[in-house]
Amino acid sequence: MKRCLHVVGAGLAGLAAAWAATKAGHRVILHEAAGHAGGRCRSFADPKLDRVVDNGSHMVLEINRAVLGLAHQVGATLSPLPPRIDFMDLQDGQRWRVSPFRLPVGWREALAALVPDDGRTVFQVLGHAAGFRRFWHPLCLALLNTPPQIACATLFARVLRKIVLAGPKGLRGHLFPSGLSADLVEPILARLRQGGTEIRFHQRLIAICQHRLTFDQAIETLGVDDRVVLALPPWAVDDVLGTDHRFPTETIANIHFRLPLPVRLDAPLGLVGGQAQWLFVRDDVASVTISSAPSHVEAASLWAEIAPILACPGPLPAHRVIMERRATLRHDGATLARRPGPTTEIPGVFLAGDWLASPWPCTLESAVSSGLAAARLALGRDDLRFS
Ligand SMILES: Cc1cc2nc3c(=O)[nH]c(=O)nc-3n(C[C@H](O)[C@H](O)[C@H](O)COP(=O)(O)OP(=O)(O)OC[C@H]3O[C@@H](n4cnc5c(N)ncnc54)[C@H](O)[C@@H]3O)c2cc1C
């Protein structure tokens with residue numbers, strides 16, 4: 001019997017591992033606990049809004065080469081944004097534009113941000129800089145989903161350097177215009193099925209040993225040549241491997257508002273001075289994102305912040321609040337130092353997921369790169385690529 005790669009978890013890490021192996025002609029079975037793929041990156045039909053919405057507005061950066069490479073291979077749909085970010089101050093209505101050639105910061109603070117001393121937080125490096133409130137603070141929350149007071153300046157600098165090295169396009173973002181499932185997850189699933197991958201939903205892994213995967217619904221006996229990639233969040237890995245990866249996490253809140261009419265907003269708008277941090281609009285749905293969100297957010301006060309920007313006066317419209325309480329790890333120095341590598345104590349069993357050791361914060365890029373890395377290791381195939 002041909003060697004089989006079992007991938008457990010159909011988030012982006014698992015999908016990437018499965019696609020890398022399928023494309024290279026390997027036999028793959030993908031197992032997922034939920035009834036759908038995508039994990040923390042998914043869409044769903046919301047009956048309250050009568051629209052399909054994403055669990056969170058996801059942006060991919062131009063520097064996220066693994067995600068863009070995977071998206072290209074599977075025919076995913078991404079729409080590029082202009083290489084700039086527009087901001088607005090909710091306190092006084094002032095607006096400004098950030099582009100690679102027009103940064104609202106001095107060269108000294110830019111240098112400090114790019115080359116910080118080890119062991120410092122973003123606030124220690126930049127908290128007193130002139131551009132902190134209007135640039136470094138929102139950028140730190142957006143890139144690391146962690147408040148500057150505790151966010152690791154070294155990781156922040158690593159992402160900033162990649163942006164700077166990418167040149168004029170470095171600030172370009174990409175969005176999934178019809179939603180995460182339609183534009184990203186479904187195309188990957190379609191290519192997996194075309195390539196012969198078996199996809200099994202409603203299969204929660206509850207135990208694992210070198211010879212067996214035990215799911216709540218079935219037992220899978222492993223052949224001697226079979227390999228396993230566990231593309232699971234840390235708490236699920238702890239459950240099946242008995243490890244202890246209790247990491248602090250941060251919440252991302254997304255609040256979707258159904259507008260009375262479609263509104264045009266060409267690119268996400270960064271907001272400072274209020275609770276809302278980013279405003280996205282897709283047709284007649286406006287979405288507010290709050291990174292490192294508090295435990296409760298008030299839709300009415302967010303609507304009061306964004307209604308004037310959208311020129312949509314009137315009462316609070318139908319809305320949906322989505323609190324992803326374990327959206328990402330908290331990117332502080334102590335947590336980052338504990339991110340583990342992809343190997344486990346069980347021979348032939350490897351880990352993937354955005355939370356593993358990576359040059360990237362927990363994002364689609366770290367998830368996809370880790371899925372690719374785990375497939376390479378499991379199959380002994382250094383030649384697997386997304387570019
Ligand atoms: C609201 C929000 C906004 C975000 N915005 C961005 C953004 O703008 N840009 C960006 O790059 N990233 C963003 N991210 C981060 C990005 O979504 C994640 O980094 C990425 O989706 C993680 O993928 P993963 O495969 O590592 O994990 P997951 O998506 O968590 O996948 C794990 C999978 O394993 C399954 N599973 C769990 N336990 C078991 C079990 N026992 N047996 C079988 N299956 C199991 C789960 O159901 C899930 O499908 C955002 C995240 C959130 C929540």
Side-chain angles (χ1 to χ4, degrees), residues 6-18 29-43 53-61 63-64 66-68 71 78 141-145 159 173-176 180 184-185 188 199-208 213-218 220 228-241 249-256 268 277-278 280 287-293 321-329 331 339 351-356 358 360-372 374:
H6 292 270
V7 178
V8 187
L12 260 294
L15 291 171
I29 303 178
L30 176 60
H31 312 260
E32 164 60 46
H36 54 81
R40 275 170 282 156
C41 170
R42 66 185 186 284
S43 316
V53 293
D54 292 338
N55 69 314
S57 303
H58 278 61
M59 196 193 288
V60 173
L61 301 176
I63 52 172
N64 294 159
V67 182
L68 293 178
L78 275 158
L141 286 171
L143 293 177
L144 303 190
N145 185 32
V159 182
H174 299 255
L175 295 177
F176 299 97
L180 297 168
L184 178 63
V185 177
I188 303 175
I199 303 171
R200 300 181 184 166
F201 290 117
H202 303 293
Q203 294 290 322
R204 178 173 296 281
L205 185 71
I206 51 175
I208 181 171
L213 296 173
T214 306
F215 296 93
D216 49 1
Q217 308 286 342
E220 184 75 38
V228 179
V229 171
L230 299 179
L232 302 173
W235 47 92
V237 168
D238 288 350
D239 284 349
V240 294
L241 290 184
T249 55
E250 290 283 334
T251 301
I252 300 180
N254 270 271
I255 304 86
H256 301 293
Q277 293 167 2
W278 291 92
F280 296 77
S287 307
V288 166
T289 298
I290 306 176
S291 294
S292 190
V321 178
I322 304 170
M323 305 291 287
E324 287 274 10
R325 299 208 186 270
R326 297 193 282 196
T328 69
L329 297 189
H331 295 103
R339 282 168 107 184
L351 299 178
D354 65 346
W355 56 283
L356 295 183
S358 167
W360 296 95
C362 298
T363 49
L364 295 177
E365 184 69 7
S366 60
V368 168
S369 318
S370 80
L372 176 62

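For clarity, every value in this text was computed on a predicted model and none was experimentally measured. Read the numbers this way: they start at 1 and go in the same order the structure lists the ligands and their atoms.
- Of all heavy-atom pairs between His331 and Cys362, the closest is NE2-N, 2.9 Å.
- Near Ala367, meaning under 4.0 Å from any of its heavy atoms, are these atoms of ligand 1: 22 (C), 23 (O), 26 (O).
- Any N or O atom pair closer than 3.5 Å counts here, and Glu324 shares no such pair with ligand 1.
- Ranking protein heavy atoms by distance to atom 25 (O) of ligand 1, first place goes to Ala13 N, 2.9 Å.
- Of all protein heavy atoms, the one lying nearest to atom 42 (N) of ligand 1 is Leu205 N, 2.9 Å.
- Side-chain polar atoms of Ser43 and Asp54 form a donor-acceptor pair below 3.5 angstrom.
- Interatomic distance, NE2 of His31 versus NE2 of His6, reported as 5.0 Å (0.5 Å rounding).
- Note: Glu220 CD to Thr214 OG1 = 10.0 Å, rounded to the nearest 0.5 Å.
- Taking any N or O of Arg40, backbone or side chain, at least one lies under 3.5 Å from an N or O belonging to ligand 1.
- Applying the side-chain contact (heavy atoms from CB on, under 4.5 Å) rule to Pro233 yields the partners Trp235, Ala236; only residues at least two apart in sequence or on another chain are considered.
- Atom 19 (O) of ligand 1 has as its closest protein heavy atom Asp354 OD2, 2.7 Å.
- Close contacts between ligand 1 and Gly39 involve ligand atoms 29 (O), 48 (C), 49 (O) [criterion: under 4.0 Å to a heavy atom].
- For atom 51 (C) of ligand 1, the closest non-hydrogen atom on the protein side is His58 NE2, 3.7 Å.
- For atom 45 (C) of ligand 1, the nearest non-hydrogen atom of the protein is Leu232 CD2, 3.3 Å.
- Of all protein heavy atoms, the one lying nearest to atom 2 (C) of ligand 1 is Ile252 CD1, 3.7 Å.
- Within the 4.0 Å heavy-atom criterion, the part of Val8 lying near ligand 1 is the side chain and not the backbone.
- Taken to the nearest 0.5 Å, the CE atom of Met323 stands 7.0 Å off from the CD1 atom of Ile255.
- Between Val368 and Trp360, every side-chain heavy-atom pair lies at or beyond the 4.5 Å cut-off.
- The shortest N or O to N or O distance between Met59 and ligand 1 is under 3.5 Å.
- Residue nearest to atom 37 (C) of ligand 1, selected from Gly11, Pro233, Gly38: Pro233 (by heavy-atom distance).
- A donor-acceptor contact shorter than 3.5 Å links the side chain of Ser366 to the backbone of Pro361.
- Between Thr363 and ligand 1, a contact under 3.5 Å exists for at least one N or O pair.
- Between Val60 and ligand 1 there is no heavy-atom distance shorter than 4.0 Å.
- Close approach of ligand 1 to Gln203 (heavy-atom distance below 4.0 Å) involves ligand atoms 42 (N), 43 (C).
- Among the candidates Ile188, Asp354, Val67, the single residue satisfying the side chain to side chain contact (heavy atoms under 4.5 Å, CB included) test with Leu12 is Ile188.
- Summary of contacts: the protein heavy atom closest to atom 32 (C) of ligand 1 is Ala231 O, 3.6 Å.
- A distance of 12.0 Å separates CE in Met59 from CG in Leu364, rounded to the nearest 0.5 Å.
- Contact between Gly14 and Leu30 at its shortest, heavy atoms only, is O-CD1, 4.3 Å.
- Each of the following atoms of ligand 1 lies closer than 4.0 Å to a heavy atom of Asn254: 1 (C).
- Looking at Leu12 next to ligand 1, an N or O pair under 3.5 Å apart turns up.
- Against a heavy-atom cut-off of under 4.0 Å, Ala236 is close to the following atoms of ligand 1: 38 (N).
- Protein heavy atom nearest atom 11 (O) of ligand 1, with residue, atom name and distance: Leu364 N, 2.9 Å.
- Side-chain polar atoms of Glu250 and Thr328 form no donor-acceptor pair below 3.5 angstrom.
- Expressed to the nearest 0.5 Å, how far NE2 of His58 lies from CZ of Arg42 amounts to 9.0 Å.
- For ligand 1, the atoms sitting less than 4.0 Å from at least one non-hydrogen atom of Ser57 are 5 (N), 8 (O), numbered in the order shown with element in parentheses.
- Atom numbering of ligand 1 starts at 1 in the shown order; those under 4.0 Å from a heavy atom of Gly56 are 1 (C).
- For the pair Arg326 and ligand 1, no heavy-atom separation below 4.0 Å is found.
- Taken to the nearest 0.5 Å, the CD atom of Glu32 stands 8.0 Å off from the CZ atom of Arg204.
- The two residues His202 and Asp216 come nearest to each other via the heavy atoms O-OD1, 4.0 Å.
- Residue-ligand proximity, Gly353 to ligand 1, at heavy-atom distances under 4.0 Å covers atoms 26 (O).
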